[in-house]
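Reminder, nothing fancy here: chain letters follow the sequence lines and each chain counts from 1. In this text the structure is predicted, and so the values were computed from the model without any measurement. Only heavy atoms go into these numbers, but all of them, side chains included; no hydrogens, no water, no symmetry mates.
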There are 4 protein chains.
Amino acid sequence: MTRIALLGCGRIGKMHAATIVRAEGAELAAVYDPVTAAAEETGRRHGCTVAASAEEAIALADAVLIATSTPTHADLIEASARAGKAMFCEKPIDLSLARVVACRKALAGFTRPVQIGFNRRFDPGHRAARDAARAGEIGDLQQVIITSRDPGLAPRGYLKVSGGIFRDMTIHDFDLARFMLGEEPVEVFATGSALVDPTLAELNDVDSTMIVMRTASGRLCHINNSRAAAYGYDQRVELFGSKGMLISGNRRAHQVERFNASATGAGEPYLDFFIERYVEAFELGLQSFLRCVAESRTPDVTFDDGEKALVLAEAAIRSRAEGRFVNVAEITG
Amino acid sequence: MTRIALLGCGRIGKMHAATIVRAEGAELAAVYDPVTAAAEETGRRHGCTVAASAEEAIALADAVLIATSTPTHADLIEASARAGKAMFCEKPIDLSLARVVACRKALAGFTRPVQIGFNRRFDPGHRAARDAARAGEIGDLQQVIITSRDPGLAPRGYLKVSGGIFRDMTIHDFDLARFMLGEEPVEVFATGSALVDPTLAELNDVDSTMIVMRTASGRLCHINNSRAAAYGYDQRVELFGSKGMLISGNRRAHQVERFNASATGAGEPYLDFFIERYVEAFELGLQSFLRCVAESRTPDVTFDDGEKALVLAEAAIRSRAEGRFVNVAEITG
Amino acid sequence: MTRIALLGCGRIGKMHAATIVRAEGAELAAVYDPVTAAAEETGRRHGCTVAASAEEAIALADAVLIATSTPTHADLIEASARAGKAMFCEKPIDLSLARVVACRKALAGFTRPVQIGFNRRFDPGHRAARDAARAGEIGDLQQVIITSRDPGLAPRGYLKVSGGIFRDMTIHDFDLARFMLGEEPVEVFATGSALVDPTLAELNDVDSTMIVMRTASGRLCHINNSRAAAYGYDQRVELFGSKGMLISGNRRAHQVERFNASATGAGEPYLDFFIERYVEAFELGLQSFLRCVAESRTPDVTFDDGEKALVLAEAAIRSRAEGRFVNVAEITG
Amino acid sequence: MTRIALLGCGRIGKMHAATIVRAEGAELAAVYDPVTAAAEETGRRHGCTVAASAEEAIALADAVLIATSTPTHADLIEASARAGKAMFCEKPIDLSLARVVACRKALAGFTRPVQIGFNRRFDPGHRAARDAARAGEIGDLQQVIITSRDPGLAPRGYLKVSGGIFRDMTIHDFDLARFMLGEEPVEVFATGSALVDPTLAELNDVDSTMIVMRTASGRLCHINNSRAAAYGYDQRVELFGSKGMLISGNRRAHQVERFNASATGAGEPYLDFFIERYVEAFELGLQSFLRCVAESRTPDVTFDDGEKALVLAEAAIRSRAEGRFVNVAEITG
């Protein structure tokens, strides 16, 4: 039984609490949130200790799940490491690559599992597609296309501190691209527009992006994003190879199709939003982490993966600013 | 080059004329229709002789395509046979089984190709499904399910002389069932309701039917019909066997799918109506007939097939009247 | 909090135990199984009392979940009623209609909720289709088609005591048909064959069935069954009406599609088996029951529904034996 | 009746001949091909004059269809213009932008219809998607994604003189992008790899490309290409807007789906190749041209469209060479 301290009891923290409680071999040992009411609500709901500080919560557990606001992640990773605890940290590690690099250095010599919350790697569909590609089912992998569109624009307050679309939203797709490509992208091109909300230009941000990446062996990868898809959360991955193609598609709440004078085969809008769409991914990701803790194994998504996704985001930012294909080696913390 | 006389220049006759003109190895030699204007329009359009009588048209050709009104079919078959011409006759041969039997007897000794217009056997989808089943792809065939729904109710005037839904509409499905089952149905159950137009009860007719048939080896077949499907012409065949299933589905004018706040993956309504849906089937059926004429071979759909489909329709009528599983052997002309 | 006694700790009992433990507002108070080891395993797993008898378990709870073997259902319903407990009983109530009628009489005056385990009514897809039809989305409902095929033949030992396919398997479809039709079937036709395993004829049973039913207003319903579908558990419902059609389709473990030189758009085989396919239905069915218990309401699936489904099964058995359209009013307990 | 002279009787010329013969209001007046045998075969097949020179063929007709090899297109356009004939010219106008500009200047003052053979604009699916987007069905258009993959690598001999993938293959997609975007792309990024056949690098060519374009208003467009898709000719267009999405998908020869122990819903490989996939587009494109000739109207795809697609190809070539987002205004003939 792994006792887990949950740091952060906001929307995603609450989801993690419920996932921990349902998981075999896990126990929610303590919760902490700077907003005391949030911590107390979660503590009451699941009957666990409400800690007065992150340190207190960490001390009560075998492993720490960090789901606080992004600026606190790196500090809490370091605090958990000092306490010798395994940890699962929500993405991104930090919006600053320099801070991530510093954190990585601080973890030097730390050997317990550190998993970053790139949940999509654990989605049964995405995982099955990647496994089939790895197993050679589509021959040599040549192209990866990731479509990733949120159902609606996040609030302005969130967007202001989000670090911009590449660090906040596309970061998931950069990680998924690396997972799917099986090679590191070495060049990145990115552009974008503020089409959903033109006033995003005031934040030097965009809500619609198109990215192209290339690996050393020549594999090509396209990512497109939008902050607002009218038909629900759109999460597709296409893997194209010399012998075929695999598409991991969207999910609906049920499989009813409608037929009438104006349409045939019309399904439900797609599941909205990530907590619903990726419910199994969150559960499988936690279970994978628990096994790594139990068996002292390296997680499927490491601190290094968190850093590398951020490097791609930085390359995209630079590419958009300079209008050129940026070599990833140019980006350093 | 096979010279063809087209008898009947109504809706389906016009379609056949266009198909003949497009076909390699065929020539529209003459047309005849008791409605002179119809014959003249078709003759003018395709630049062929407009005959003053069916006999005259028959005399000008190597083969006869009979697309006149149903009550004239048997007489024209016999006339064509007397003239020694191959023939392609639209379904049904006649609404009276006794007349069909008499016609069959009249054809005794006639050896030129006689093909009945059960076009669906030539539909590329239905044919591919049947061929795959025959080739063993789904193991032992166990169940056949045919869904056949017209896009809208035919005019009252047509329905009055149609012979009722089983002889007029289901007859296609009875033939398709035989084609798919690869065995003769030996028992037939049928029921129905007048749900589209309750006043059809005045004609002792129904517009919605459900049928179950069983072959000697125990294969099961279900047919359902409706005279009015809001979403277009619905033509599906499902073949279920010990190793899998094949479904031959509907066709749309194009492959656009729509996604919005109320639906995802919504396609066009299905092609409406049979001339559009089965355009390839009509062409392939004619080509098959032309090859049989050229090579003096027995067609894929024979006079005997026309008679057997009518026997099943008669069994269905009796079953509906008597509320029981009717043995096909009970039905005699 | 509703304390539940679980009677029966076999495959479906274990599933119910896990569902109860996950449900809000429910507590697994006690378990009982005549096979002590099964009860002890379930009790240990969920940390609840292992009762020495059904009576002892019933006494410890507010509500009883009956998941024992079929022949014990009616007795346990009566025992639970005598103890004044709400109850949820797996289908079928009993294989003997006479016993069901006697049980119904024994329940006269009992007012606490009694829910029968026809889980499919709670499937999100089937429910959404039915609700849309009830809301008039497809106009007047005219035809219902239910395809229900198990992934593989049950063991001979089970089949011998199953009561035959109509009472054991089709019973779910009879209930679903009533749920979808919104009217009582008044006539039933059924036939079948032993195609999966011809030796089932020795048990006077079949593994492949086709059924047609008709309601008083003329609505038509077709059900087809097979005991073995190579491609997984096949559970489809088609509702056809004057303005359109609704199809509630099958479910896959994920949404990956494969494209290669021999196929395009190929998905996973369907979820196998009912515990996986209907996982949400089992949860939603239990939650609905818990709300009925909490609010002293009549469940969505009553004892009466259990009896009526069995009456349709009896009508199907008689129809198959006598080869005729059986009036449901002929069937009496 | 428009009399048409067909110049070029190769694969695509033969297809055009058959299309002309089937079209209402058109007559194949003469054919010419420098390979006399090809011209004679086509002339014999359709019973038309075999001209001894392009000029002789042009003189016999009201309109000219240019389907010769690319290097001859501009000369034949100029010759046809001198003869005062309307013309339909296969894409591309020329591989050299300078030659295209010179040809455009030579056409100054010529007022008869000149249509370029970008057939995809006439595909019923692509056209319906674009019309729905223009009609506002998906709100403001924000993203266009074009997937265009050939079923197999063309012969080396063809590739050597093709002008490279951007001028030869992507040119169709550049035109389609302009058609769909409803705005001119102002910036172009392109990269690519030789993954299908690494020796293409010897020709400084690639077989796999990814392109991103941006319009003045910020609309984004992605194109991906491959010279070899194992599952058939892959031709998809996705239009994404503020209120929804439209996808124009691939076509199969028929609608049979297969279900077995390893797959469900598996369809046929896609139609292979463009003559089959775009058969309707070729017919509709010709009909549109014939109407423009008859009514002296400007065609839907003009000489200017042919030039603009080539400008985008040149921009892509420069982008790939220089690794940057190229402004279309930089490209001049």
For [X], is it the side chain, the backbone, both or neither that has a heavy atom under 4.5 Å from a heavy atom of chain D?
| X | answer |
| --- | --- |
| A:Ser226 | both |
| A:Ile145 | side chain |
| A:Ala228 | backbone |
| A:Asp234 | side chain |
| A:Asp207 | neither |
| A:Ser242 | backbone |

Heavy atoms of other groups near A:Asn204 CG, more than 12 under 6.0 Å: no
List the steps, then state whether side chain to side chain contact (heavy atoms under 4.5 Å, CB included) holds for A:Leu195 with D:Gln143. CA-CA 10 Å; A:Leu195 297 172; D:Gln143 301 187 19; 5.5 Å; no
Any chance the side chains of D:Ser193 and A:Arg219 put a donor and an acceptor closer than 3.5 Å? no
Going by the angle between their ring planes, with limits at 30° and 60°, are D:Phe189 and A:Phe325 parallel, tilted or perpendicular? perpendicular
Least distance between heavy atoms, A:Thr191 atom then D:Arg214 atom: OG1-CD, 3.4 Å
Minimum heavy-atom separation for A:Met210 and D:Val212, please, with both atom names. CB-CG1, 3.9 Å
Tell me which of these, [options], has more heavy-atom pairs under 4.5 Å with chain D than the rest.
| options | answer |
| --- | --- |
| A:His222, A:Glu187, A:Arg324 | A:His222 |
| A:Val326, A:Ile138, A:Thr209, A:Thr147 | A:Thr209 |
| A:Ala194, A:Pro198, A:Ala230, A:Ser319 | A:Ala230 |

Hey, are A:Glu238 and D:Arg149 close enough for a salt bridge, meaning a charged N less than 4.0 Å from a carboxylate O? yes
Ranked by heavy-atom pairs below 4.5 Å to chain A, first place among D:Leu220, D:Asn224, D:Val206 goes to D:Leu220
